[in-house]
Amino acid sequence: MKLLKFWFIAPVIVFVSVAVWAACPIHPNPGVYETTGGTVLPGRVSEAWCTLLSPGVPGNTQNAMSWDGANLGTQWKVWGMAIEPAGPQVVGSSMVGGNGWIAYSTNYIGGQFWLSKLHAWSDGVNDLTGQISNYNVYSRVTYVGGVPVSVFSTAYFTGVFDDCPLCTLEYVISNVAQVWPAQTAFYPPLLCGAAAGEYFDVCCIRASIYCPMGAEEKTWGAIKSVYK
């Protein structure tokens, strides 16, 4: 009887394992990757003024790439995020006589990401691509005499992988500084054919990849408990 149970369970376990991995022909490596730990490059961003020549206008679109000090986009890219129709929302301020700061929360729609295959999050053979689920930027703009003189932001987005929708990417950029005046050299190109836009330096990234491996482990455990 023990022998019969063994031969019955084997194909069931194989079937479950194959079914789970078939859903992810290209599987990212779960983990946390940080600029402060040297496992993610910092980056640079352009935000194209796609409709009106002004910042914060719905439709303005971002293009972000990694920066190793000499080359753009060798490790990661995030692009195509456009400010939603509602536009930036004021979430705080401290202004006196045109001096002070105003904080904005801006949601973006759309966007894609690309992660190089030549990094710990992949297998060295396949690049990782995906779609952005939500993208938000919190910005604090400092004004002097009513004129903006600096912008510091935090960007946050989540996304799902094209070849493994079970896995998600959470990307947090805790320091985004606008370049004053705008510098076009060695920054990502403006999208949507825009003639003008803004440029930013990116620091302090924390990228987290989550995959529900526990689901497979539970399935195996459940089968073993039945046929032990």
- Query: If you draw a 6.0 Å radius around CZ in F152, do more than 12 non-hydrogen atoms from other residues or ligands fall strictly inside?
  - Reply: no
- Message: As a quick check of understanding, evaluate side chain to side chain contact (heavy atoms under 4.5 Å, CB included) for S139 and T106, giving each step before the final call.
- Response: CA-CA 8 Å; S139 302; T106 307; 5.5 Å; no
- Query: Got a donor-acceptor contact below 3.5 angstrom from the S208 side chain to the V32 backbone?
  - Reply: no
- Any T158 side-chain heavy atom under 4.5 Å of T168 side chain: no
- Message: Is the shortest side-chain heavy-atom distance between M81 and I132 below 4.5 Å?
- Response: yes
- Item | Step-by-step side chain to side chain contact (heavy atoms under 4.5 Å, CB included) determination, W76 to H119 | CA-CA 10 Å; W76 58 265; H119 197 55; over 6 Å; no
- Message: Hydrogens and angles aside, do E47 and Y199 bring a side-chain donor and acceptor to less than 3.5 Å of each other?
- Response: no
- Query: At what distance, to the nearest 0.5 angstrom, does OG1 of T129 lie from CD1 of I26?
  - Reply: 7.0 Å
- Start with the C-alpha distance between C167 and C24, add both sets of side-chain angles, then the distance that settles disulfide (SG to SG under 2.5 Å), and finish with yes or no. CA-CA 9 Å; C167 297; C24 295; 5.0 Å; no
- Please check if W79 and V40 belong to a single hydrophobic cluster, counting links between Ile, Leu, Val, Met, Phe, Trp and Tyr side chain heavy atoms closer than 4.5 Å. no
- Message: Between Y187 and W67, is the ring centroid distance below 6.0 Å?
- Response: no
- Message: In this structure, would W49 and V141 fall into the same cluster of hydrophobic residues linked by side-chain contacts under 4.5 Å?
- Response: no
- Message: Any side-chain to backbone donor/acceptor pair from S66 onto T74? Under 3.5 Å, distance only.
- Response: yes
- Task: Kindly indicate, with the supporting measurements, whether the criterion side-chain hydrogen bond (donor to acceptor under 3.5 Å, both in side chains) is fulfilled by Q62 and Y108.
- Result: CA-CA 9 Å; Q62 288 194 357; Y108 292 68; 3.2 Å; yes
- Looking at P88 and G56, what are the two nearest heavy atoms and their distance? CD-O, 3.0 Å
- Assess the side chains of S122 and N29: does a donor N or O sit below 3.5 Å from an acceptor N or O? no
- Query: Shared ILVMFWY cluster between L191 and L52, side chains joined below 4.5 angstrom?
  - Reply: no
- Item | Nearest atoms (heavy-atom pairs only) where S153 meets V137 | CB-CG1, 3.8 Å
- Heavy-atom distance under 4.5 Å between the side chains of N136 and F157, does that happen here? no
- Item | Smallest separation among heavy atoms of Y135 and A155, with atom names | OH-CB, 4.2 Å
- Query: Any donor and acceptor pair, going by atom type alone, linking the side chain of S93 with main-chain N or O of M95 inside 3.5 Å?
  - Reply: no
- Message: Looking at C164 and C211, are the sulfur gammas closer than 2.5 Å to each other?
- Response: no
- Residue pair Y104, V90: steps toward the side chain to side chain contact (heavy atoms under 4.5 Å, CB included) verdict: CA-CA 5 Å; Y104 300 89; V90 175; 3.6 Å; yes
- Linking I/L/V/M/F/W/Y whenever their side-chain heavy atoms sit closer than 4.5 Å, directly or via other members, would V151 and V91 fall into one cluster? no
- Message: I'd like to know if the side chain of S46 and the backbone of P189 have a donor-acceptor N/O pair within less than 3.5 Å.
- Response: yes
- Query: Taking a hydrophobic cluster as the set of Ile, Leu, Val, Met, Phe, Trp and Tyr residues connected by side-chain heavy atoms closer than 4.5 Å, whether directly or through intermediates, do L190 and V179 fall within one such cluster?
  - Reply: yes
- Distance-only, no hydrogens or angles: does the Q75 side chain make a donor-acceptor pair with backbone N or O of L72 under 3.5 Å? no
- Message: Which heavy atom of P188 sits nearest to which heavy atom of V45, and what is that distance?
- Response: CD-N, 4.1 Å
- Query: So, D123 and K117, do they make that salt bridge, N to O below 4.0 Å?
  - Reply: no
- CE on M65 to CG on N71, rounded to 0.5 Å: 12.0 Å
- Message: Quick check for you: to the nearest 0.5 Å, what is the distance between S94 atom OG and W101 atom CH2?
- Response: 6.0 Å
- Message: Please give me the minimum heavy-atom distance between G59 and T61, naming the atom from each residue.
- Response: O-OG1, 2.8 Å
- Query: Will you find, in the side chains of Q131 and D162, an N or O donor that is under 3.5 Å from an N or O acceptor?
  - Reply: yes
- Message: With rounding to the nearest 0.5 angstrom, report the CZ to CD1 distance, F200 to I173.
- Response: 11.5 Å
- Worked verdict on Y171 versus I205 for side chain to side chain contact (heavy atoms under 4.5 Å, CB included): CA-CA 7 Å; Y171 219 77; I205 297 169; 3.6 Å; yes
- Query: Should the pair F161 and F113 be assigned to parallel (<30°), tilted (30 to 60°) or perpendicular (>60°) ring geometry?
  - Reply: perpendicular
- Query: Is there a side-chain contact between T39 and W121, using heavy atoms and a 4.5 Å cut-off?
  - Reply: no
- Task: Provide the closest heavy-atom pair for T35 versus L41 in the form atom of the first, atom of the second, distance.
- Result: OG1-O, 4.1 Å
- With side chains defined as the heavy atoms from C-beta onward, is the minimum distance between V202 and P42 less than 4.5 Å? no
- Task: Please tell me if the side chains of V78 and Q112 come closer than 4.5 Å, counting only heavy atoms from C-beta onward.
- Result: no
- Query: CD/E84 to CG/N60 distance, rounded to the nearest 0.5 angstrom?
  - Reply: 13.0 Å
- Query: Atom OG1 of T142 and atom CD1 of I102: how far apart are they, to the nearest 0.5 Å?
  - Reply: 10.0 Å
